[in-house]
2 protein chains.
Amino acid sequence: MPLPQTEAPGRLVAELLSRGVRMTRQRRTILSVIETASQHLDAAQILRRARKLDPGIDRVTVYRTIRLLKRHGLVDELDLLHLEGEKHYYERHPQRDHLHMACVRCGKILEFESDLFERLKGQIQRDCQFHILVTRVEIGGYCAKCRGNSTDLRSV
Amino acid sequence: MPLPQTEAPGRLVAELLSRGVRMTRQRRTILSVIETASQHLDAAQILRRARKLDPGIDRVTVYRTIRLLKRHGLVDELDLLHLEGEKHYYERHPQRDHLHMACVRCGKILEFESDLFERLKGQIQRDCQFHILVTRVEIGGYCAKCRGNSTDLRSV
DNA sequence: GCGTAATTGCAACGCTGTTGCAACTTCTGA
DNA sequence: TCAGAAGTTGCAACAGCGTTGCAATTACGC
Ligand SMILES: [Mn+2]
Ligand SMILES: [Mn+2]
Ligand SMILES: [Zn+2]
Ligand SMILES: [Zn+2]
């Protein structure tokens, strides 16, 4: 399920440089992996892909770069209901929020944008006096294909 | 922030018994801890509280009981944006879903129910043909008190 | 180019959660 | 009521994800 390619490549590098963050060879590589990914990637996947481009990169550097990007609000973290293990997944922080649906049977991840969700955020900011920085909506259930199938692998 | 006490105590025991699950001394203890909690508890907190009632209980039993409850859809898992460590938190699966707001500055957790969210779920089930079993909404930002305060501890 | 401050890689570590297994407990049904 | 099968427990060892300390290396403003 390819995600929409909403951002020009190199955007993460530019964004970090504009904030005075030093740019190393390793960071450029890791950023390009995250930026060009068509799915949500976990740290191990990011490492594998980064090593194809620059074999010396260490997993510690991947973790530190992810933390850097989170601190700057440039990537979002998901756990996709931890349907497989305790991994976390990363994606570019999108212009507009989207929700994640995870099929507990086949593992497929769907994404969904909704005006109703934008209104919900507005309601929260107003009613709770809460200033929203980041949102994370993960919904578990059965996708269209698996709906109706009987074998229940549910573990959430 | 005390959660609403929506269920009678002993409900989890009854629910599991009615599904043919064996009831042990250890399980009763762990279930009562989860059932009477006024906040979201992580596994280590559940273990500590359970040991006050029955010192022999092992952490493995806590983890196995949590997994049992998740499998039966009787507790929900949260990570509250992993604002502190990689812990996961547990709460009784509520009658009606609610959202979680986590203040990235003071760590306070707010809960919020909303008809808008119920409508959003309806939209998802219709538009995506997705049958919802569980939802998890975690929103990070500044609570009313911390809004306006300057020191930014943001790490999400 | 120089110097300082940031970043990297490596090794060791910490913490959350899982697994294998023998001893024990629950619960059924005779 | 109690014997036996099936399920559960505690212990120890393990696995995986993520972090930390530190010396060597690199970026970048001057
Ligand atoms: Mn996404
Ligand atoms: Mn998580
Ligand atoms: Zn499916
Ligand atoms: Zn706050």
Side-chain angles (χ1 to χ4, degrees), chain A residues 12-14 16-31 33-34 40-48 50-51 53-72 75 77-90 155-156, chain B residues 12-14 16-31 33-34 40-51 53-72 75-90 155-156:
Chain A
L12 285 177
V13 170
L16 285 175
L17 282 174
S18 81
R19 301 180 192 203
V21 173
R22 292 198 184 174
M23 199 46 55
T24 63
R25 183 170 45 83
Q26 294 91 329
R27 276 189 186 159
R28 279 180 207 280
T29 304
I30 294 166
L31 298 180
V33 166
I34 292 173
H40 308 96
L41 300 179
D42 63 36
Q45 290 172 307
I46 294 171
L47 175 63
R48 267 196 304 280
R51 278 194 159 152
L53 303 169
D54 180 351
I57 292 181
D58 194 83
R59 39 184 229 110
V60 174
T61 303
V62 169
Y63 281 115
R64 288 199 270 232
T65 303
I66 289 170
R67 209 168 18 164
L68 177 74
L69 290 167
K70 280 205 289 178
R71 231 180 312 148
H72 283 270
V75 301
E77 185 179 71
L78 302 169
D79 55 30
L80 301 179
L81 301 177
H82 288 308
L83 252 31
E84 43 172 326
E86 302 292 308
K87 306 179 215 291
H88 291 105
Y89 299 87
Y90 302 91
S155 69
V156 171
Chain B
L12 285 178
V13 170
L16 286 176
L17 282 174
S18 81
R19 301 180 191 203
V21 172
R22 292 203 181 170
M23 199 44 57
T24 63
R25 185 171 43 83
Q26 294 91 328
R27 277 189 185 160
R28 277 179 208 282
T29 304
I30 293 167
L31 298 180
V33 167
I34 291 174
H40 308 96
L41 301 178
D42 63 38
Q45 289 172 309
I46 294 172
L47 175 62
R48 268 198 303 280
R49 293 184 185 200
R51 278 193 158 150
L53 304 169
D54 180 351
I57 292 181
D58 194 83
R59 41 185 227 107
V60 175
T61 304
V62 170
Y63 281 114
R64 288 198 271 232
T65 303
I66 289 170
R67 210 168 18 164
L68 176 75
L69 290 168
K70 280 205 288 179
R71 231 179 312 143
H72 283 270
V75 301
D76 289 340
E77 185 178 73
L78 301 169
D79 55 29
L80 301 179
L81 300 177
H82 288 308
L83 252 32
E84 42 171 327
E86 302 292 304
K87 307 177 215 289
H88 291 106
Y89 299 87
Y90 301 91
S155 68
V156 172

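Order of the sequence lines fixes the chain letters, A, B, ..., with proteins taken first and strands second; residue numbering starts at 1 for each chain.
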Atom CZ of A:R51 and atom C1' of C:dG9: how far apart are they, to the nearest Å? 10 Å
Looking at every heavy atom in both B:L31 and B:L12, which two are closest together, and how far apart are they? O-CD1, 4.0 Å
Over how many whole Å does the gap from B:Y89 atom OH to C:dT16 atom P extend? 10 Å
side-chain contact (heavy atoms from CB on, under 4.5 Å) with B:R51: which residues, sequence neighbours excluded? B:L47
Distance check: side-chain N/O of A:H88 vs OP1/OP2 of D:dG18, anything under 4.0 Å? yes
For the pair made of NE2 in B:H82 and C1' in D:dG16, what is the distance, rounded to whole Å? 14 Å
Flag side-chain contact, heavy atom, 4.5 Å: B:I34 against B:L41: no
Quickly work out the A:K87 NZ to C:dG17 P distance and round it to whole Å. 15 Å
Got a sec, which residues hit side-chain contact (heavy atoms from CB on, under 4.5 Å) with A:A14, two or more places apart in sequence or on another chain? none
With no hydrogens and no angle check, do the side chains of A:E77 and A:Y90 hold a donor and an acceptor under 3.5 Å apart? yes
Regarding D:dG18, can its base be found pairing with the side chain of A:R67 as donor and acceptor, where the two atoms are less than 3.5 Å apart? no
Parallel, tilted or perpendicular: ring planes of A:H88 versus B:H82, cut at 30 and 60 degrees: perpendicular
CD of B:Q45 versus P of C:dG17: gap in Å, rounded? 12 Å
Holding to side-chain contact (heavy atoms from CB on, under 4.5 Å), I want the full list of residues that pass it with A:V60, two or more places apart in sequence or in another chain. A:D58, A:R64
Write down the distance between CE (B:M23) and C1' (D:dA6), rounded to a whole number of angstrom. 16 Å
Residue list, side-chain contact (heavy atoms from CB on, under 4.5 Å) with A:L68, at least two apart or on another chain: A:L16, A:V21, A:R27, A:R71, A:H72
Five-pair end axes of the helix from C:dG1-D:dC30 to C:dA30-D:dT1, angle between them (10°): 40°
Separation of C:dG9 atom P from A:L47 atom CG, nearest Å, is 10 Å
Classify the nucleic acid contact of B:A44 as base, sugar-phosphate or nothing, counting any heavy atom under 4.0 Å across all strands shown. nothing
I'd like a list of close polar pairs between nucleotides 7-10 of chain D and the protein, N/O only, cut-off under 3.5 Å.
{"unit_1": "D:dG7", "atom_1": "O4'", "unit_2": "B:R22", "atom_2": "NH1", "d": "3.3"}
{"unit_1": "D:dT8", "atom_1": "OP1", "unit_2": "B:R27", "atom_2": "NH1", "d": "2.7"}
{"unit_1": "D:dT8", "atom_1": "OP1", "unit_2": "B:R27", "atom_2": "NH2", "d": "3.2"}
{"unit_1": "D:dT9", "atom_1": "OP1", "unit_2": "B:T24", "atom_2": "OG1", "d": "2.8"}
{"unit_1": "D:dT9", "atom_1": "O3'", "unit_2": "B:Q26", "atom_2": "NE2", "d": "2.8"}
{"unit_1": "D:dG10", "atom_1": "OP1", "unit_2": "B:Q26", "atom_2": "NE2", "d": "3.3"}
{"unit_1": "D:dG10", "atom_1": "OP1", "unit_2": "B:G56", "atom_2": "O", "d": "3.3"}
{"unit_1": "D:dG10", "atom_1": "OP2", "unit_2": "B:D58", "atom_2": "N", "d": "3.3"}
{"unit_1": "D:dG10", "atom_1": "OP2", "unit_2": "B:T61", "atom_2": "OG1", "d": "2.4"}
{"unit_1": "D:dG10", "atom_1": "N7", "unit_2": "B:R64", "atom_2": "NH2", "d": "2.8"}
{"unit_1": "D:dG10", "atom_1": "O6", "unit_2": "B:R64", "atom_2": "NH2", "d": "2.9"}

Ranking C:dC27, C:dT18, D:dG18 by distance to the side chain of B:R59, first place goes to C:dT18
For B:R19 and C:dT26, give me the distance from atom CZ to atom P, rounded to whole Å. 22 Å
By nearest heavy atom, map B:Y63 and B:R28 onto DNA chain C; which one lands nearer the 5' end? B:Y63
Least distance between heavy atoms, A:A50 atom then A:I57 atom: CB-CD1, 4.0 Å
